[in-house]
Amino acid sequence: MRLVLTGGRASYGMALGRARLEQPSRYLIDERLLDENEIGGEVERLTLALAAAREELRILREKIHGAMTREVAEFVDAHSLMLADHEFTNGMFDLIRIGRYHASAALKMQRDNIVAVFESMDDPYLRSRKEDIDHVIARVQANLQRDTSHEERKLAARTGEILVSDTVAPSELVPLAEHGVLGVVLSSGSTVSHGAILARSLHLPMLVAVHDALAYIQDDDLILIDGEQGEVVVHPTAQDLARYRTWQRDATQKDKRLALLRDADTRTRDGVSIALYANAESPADIAQARAFGAAGVGLYRTEFLFLQRKELPNEEEQFLAYRDLALGMGGLPVTIRTLDLGADKTDSSGVALDGEENPALGVRGVRLSLRRPQLMASQLRAILRASAYGPVRVLVPMVTTVEEMHDVRRMLTDCERELRASGQTIATHIELGAMIEVPAAALALPSIIRSVDFVAIGTNDLVQYTLAVDRNNDQLANLYDPLHPAVLKLIANTIAVAHKAGRRVSLCGEMAGNKHYTALLIALGLTDFSMHPALMLEVRETVNTLDRAALRVHAAALLRAPTRAKIEHALARLSSAG
Ligand code: PEP
Ligand code: MG
């Protein structure tokens, strides 16, 4: 029966595939004990499900390619080894034969036993292996419970899988995309979470806060994600599939129309040049940024280099990544942000603190880096060494005080001196910038600005910290409002103070890539935008229709508007003015 569930649009596009539920506790567990004559059948069902799971992993292993091959292969191999482990499987067969449990219950009991052992271990790495057990058990459970129609299964088999889960950590997304997962549906989460940002970077359609997803979607159901409408269609009809094909055709046409803008200038009707920089996380983003005429990279989130791994990347490894980034941008400026671990970005190597009561207000970004001076120095040295290959700039996240910038500047200068003394070639001047994403930094900007060469406004966090609304909490999505008068005042103030001091200021939060905010931001004085490259052509198209002088006239009225409704009203006038 066709069913439509709605949610937040975290990553664009549509995807058609078979649902893969990733929440073992949600699987139907048959608690009744078996009769003697049922035991043979149940053993057979589990044998088949294990064989199917092994076969899936074998096929997956063959499909792995690309940048993360080694890491993903390790992940798949670990799962295959678990399924090949007789102790692991015999335990389940004993539970069926001797304990008379159904296969689903035996699987769950085996999971709980193993997880209990893992949880009692001191080693955090071993403890984290609990997730692997869950993934393996979920795969076998899914194979036990396949009961969709033959047609659906055939179609789905061709179209891959869509992960349906409660949450997904940013660190899990790359392996998922590399595993051939076509899209993600989450029952919680928000559109400005780091998971959502990464999904966009991976071009992986994703819906968040689809509250009923786990209740209504069954494993193996055919589902259609509509990232444009914010819908997931369960058991899509022929009409839905036709809509999907139309979308595919329209997307190609839109790409063709926008492709005409690839080499075009980004300039308002009254001739003001607007710079569009790219937020880049992956080599695919770099390629797209170049292809779409980015002015440079406005934000490179280095923590994504750290999320996939058990050990920290050393200076050399980081240097190679930053060098390739600089080379990839062919002489255009590249803004490398120092590590912004903490809050919702925790790594497997244990740098980010564990167990903080309030991690978003905790040891995050520059606070963490300054507590780990060696780690920070190795990152700064790697960035400095990359400066020999193209213009790179250093951007510091989560700045609250001017002293933090002084500390980073001192460290940067020390690293420069050491590198020069050891004969390394580095650029003569490396610009250092602060992210303005904490209200305190926006308000104290007149003093901070003297210590920096440029600033970048991180509205994703600025909205969260100004409004005291967790950016990842879908219960508060209606309060997470970039148009709140307080947020607009802080943005306008930051732009004005920076310009007055002769510093460049860009905006690199998700707002920058939303064409509905382009006129507003230009009205507030912004000339440098940084966004996911996939959004650049749309924003360029919008900029080219606007008149900056006419928009600037409305800035004061916009900033005086006391409510969201009045701001919306003023915005509507902006569109006609622009
Ligand atoms: C921001 O906060 O707006 C930003 C760009 O940083 P991140 O999303 O990585 O926190
Ligand atoms: Mg931020």
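Note that ligands are numbered from 1 as they come in the structure, with each ligand's atoms numbered from 1 the same way.
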Residue that, paired with Asp285, satisfies side-chain hydrogen bond (donor to acceptor under 3.5 Å, both in side chains) out of His532, Arg290, Arg200: His532
Atoms in ligand 1 with a heavy atom of Asp461 nearer than 4.0 Å: 1 (C), 2 (O), 3 (O), 10 (O)
Here the N/O/S atom of Glu437 closest to the Mg ion (ligand 2) would be OE1
Numbered in order shown, the ligand 1 atoms found under 4.0 Å of a heavy atom of Leu299 are 5 (C)
Only heavy atoms of Ile197, strictly under 4.0 Å: list the atoms of ligand 1 that pass. 8 (O)
Between Gln379 and Tyr322: side-chain donor-acceptor atoms closer than 3.5 Å: yes
Relative to the heavy atoms of Gly458, which atoms of ligand 1 are at a distance of less than 4.0 Å? 1 (C), 2 (O), 3 (O)
Is Met511 close enough to touch ligand 1? Criterion: a residue heavy atom under 4.0 Å from a ligand atom. no
Exam field: side chain Glu303 to backbone Asp340, donor-acceptor pair closer than 3.5 Å: yes
Kindly indicate, with the supporting measurements, whether the criterion salt bridge (charged side-chain N to carboxylate O under 4.0 Å, His left out) is fulfilled by Arg381 and Glu316. CA-CA 9 Å; Arg381 288 167 59 91; Glu316 190 62 20; over 6 Å; no
Using atom types as modelled and distance alone, determine if a side-chain donor or acceptor of Arg367 lies under 3.5 Å from a backbone N or O of Gly362. yes
If I compare all heavy atoms of Leu380 with all of Cys415, which pair ends up nearest, and what's the gap? CB-SG, 4.2 Å
Is the backbone of Phe292 close enough, under 3.5 Å, to the side chain of Arg262 for a donor and an acceptor to pair up by distance? no
Just by distance, do the side chain of Ser193 and the backbone of Ala196 share a donor-acceptor pair under 3.5 Å? yes
List every atom of ligand 1 that sits less than 4.0 Å from any heavy atom of Arg301, numbering the atoms from 1 in the order shown and giving each element. 4 (C), 5 (C), 6 (O), 7 (P), 8 (O), 9 (O)
Should one rank Arg471, Met531, Glu303 by closest heavy-atom distance to atom 8 (O) of ligand 1, which comes out on top? Arg471
Strictly under 4.0 Å, does any heavy atom of Glu510 approach an atom of ligand 1? no
With a 4.0 Å cut-off on heavy atoms, does Arg337 reach ligand 1? yes
Can you tell me if Arg364 has a non-hydrogen atom under 4.0 Å from ligand 1? yes
Of all the non-hydrogen atoms in the protein, which one sits nearest to atom 7 (P) of ligand 1, and at what distance? His194 NE2, 3.2 Å
Distance-only donor-acceptor check, side chains His406 and Ser451, under 3.5 Å: yes
At a threshold of 2.8 Å, where the distance has to be below it, does the Mg ion (ligand 2) have an N, O or S atom of Asp461 nearby? yes
